[in-house]
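Here's the structure we're looking at; comments come further down.
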Amino acid sequence: MNIILLGPPGAGKGTQASRLVDNRGMVQLSTGDMLRAAVKAQTPIGLKAKAVMEAGELVSDEIVSGIIGEALDGMAAETGVIFDGYPRTQAQAHSLDTILADRGRTLDHVIELDVDEDALVERITGRFTCASCGEGYHDMFKTTKVADTCDKCGGHEFKRRPDDNEETVRTRMAEYRAKTAPILPIYEARNIVSRVDGMADMDEVTVAISTILDGADA
Ligand code: ADP
Ligand code: ADP
Ligand code: ZN
């Protein structure tokens with residue numbers, strides 16, 4: 001099973017993808033995570049992407065489609081993949097079709113997380129992650145159970161993204177509206193889009209996605 005999680009910054013894509021990894025043994029391919037790793041390692045891709053990401057603009061289609069293709073090459077065909085934050089433009093959507101077809105994969109579901117734009121700034125500015133295992137948290141909506149200790153790995157170090165500030169979020173939201181939302185009709189025409197209320201509780205969103213993947217909504 002191959003699925004896309006689609007939604008603006010802060011919609012909950014990463015949160016839900018990580019639960020699908022834990023619950024279903026799927027693999028999460030987050031172009032944002034892969035680009036951040038490239039920036040950290042100062043690879044040629046990272047050096048190109050750094051300023052673009054800090055501004056909240058989109059990295060080039062060639063770069064992101066290239067890293068997605070490479071990531072899939074190392075993977076068994078039976079492994080289910082969650083595309084998190086990709087595709088984000090029409091060109092990427094078309095590349096993904098080719099990338100999947102070349103590897104004998106099909107796209108089963110596009111899950112759109114429907115959220116209030118007003119809530120996104122609050123979600124993004126309160127977001128932090130465990131520096132060791134990457135588990136996601138929020139200052140108000142998902143705090144650690146024990147202060148300064150990761151629920152998942154016990155780590156004590158946390159980090160915040162440099163682009164998770166209000167000004168950059170506005171740019172990222174505008175990019176989503178202008179370039180990413182318009183790819184939905186491509187998938188609507190194939191009848192593979194399901195809309196989920198992303199404003200619901202995290203656990204409720206997880207259940208809604210599960211229901212879709214199990215086909216119980218048909
Ligand atoms: P995305 O990957 O779409 O940018 P995240 O999954 O990182 O979004 O979520 C953004 C922030 O909002 C995180 O701090 C996360 O803990 C929190 N969050 C995610 N889903 C919900 C939800 N349903 N309700 C409240 N907060 C949420
Ligand atoms: P969010 O979790 O807020 O949706 P991501 O982690 O997915 O953000 O992306 C962070 C940044 O990385 C984006 O603002 C953009 O600069 C870059 N990026 C990630 N994925 C893509 C993509 N598919 N196409 C172009 N740029 C991307
Ligand atoms: Zn951790």
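Order of listing sets the numbers, starting from 1, for every ligand and every atom in it.
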### Task
Go through the structure and list residues passing side chain to side chain contact (heavy atoms under 4.5 Å, CB included) with D164, not counting sequence neighbours.
I124, R127, R161, R172
### Query
Does the N or O separation between S30 and ligand 2 drop below 3.5 Å for any pair?
no
### Task
For the pair D214 and R24, find out whether any cationic side-chain nitrogen is under 4.0 Å from an anionic carboxylate oxygen.
yes
### Query
For ligand 1, is there an atom lying under 4.0 Å from some heavy atom of G198?
yes
### Proximity flag A200 to ligand 1, non-hydrogen atoms under 4.0 Å
yes
### Task
Of the side chain and backbone of E175, name the one, both, or neither that has a heavy atom under 4.0 Å from an atom of ligand 2.
neither
### Query
Can a non-hydrogen atom of A11 be found less than 4.0 Å from any atom of ligand 1?
yes
### Task
Report the part of F128 in contact with ligand 1, treating N, CA, C, O as backbone and CB onward as side chain, heavy atoms under 4.0 Å; options are side chain, backbone, both, neither.
neither
#### Entry: Distance-only N or O hit between ligand 2 and D33, under 3.5 Å
no
### Query
Could a heavy atom of R36 be found less than 4.0 Å from some atom of ligand 2?
yes
### Query
Is there at least one pair of N or O atoms, one from V52 and one from ligand 2, spaced under 3.5 Å apart?
no
#### Entry: Selected option - heavy-atom contact closest to atom 27 (C) of ligand 1, from R19, M140, R172, M202
M202
### Query
Listed by chain and number, what are the ring-ring contact (aromatic ring centres under 6.0 Å, His included) partners of F128, not counting sequence neighbours?
Y137, F158
### Message
So is M173 touching ligand 2 or not, going by heavy atoms under 4.0 Å?
### Response
no
### Message
Quick test of your reading of the model: are D116 and R123 salt-bridged, counting only N-O distances below 4.0 Å?
### Response
no
### Query
Could an N or O of ligand 1 be found under 3.5 Å from any N or O of Q16, whether backbone or side chain?
no
### Task
For atom NZ of K50, decide whether the heavy atoms of other residues, nucleotides or ligands shown that lie under 6.0 angstrom number more than 12.
no
### Query
For the Zn ion (ligand 3), how many protein N, O or S atoms come closer than 2.8 Å?
4
### Task
Could you tell me which residues satisfy side chain to side chain donor-acceptor pair (under 3.5 Å) with N191, sequence neighbours excluded, listed by chain and number?
none
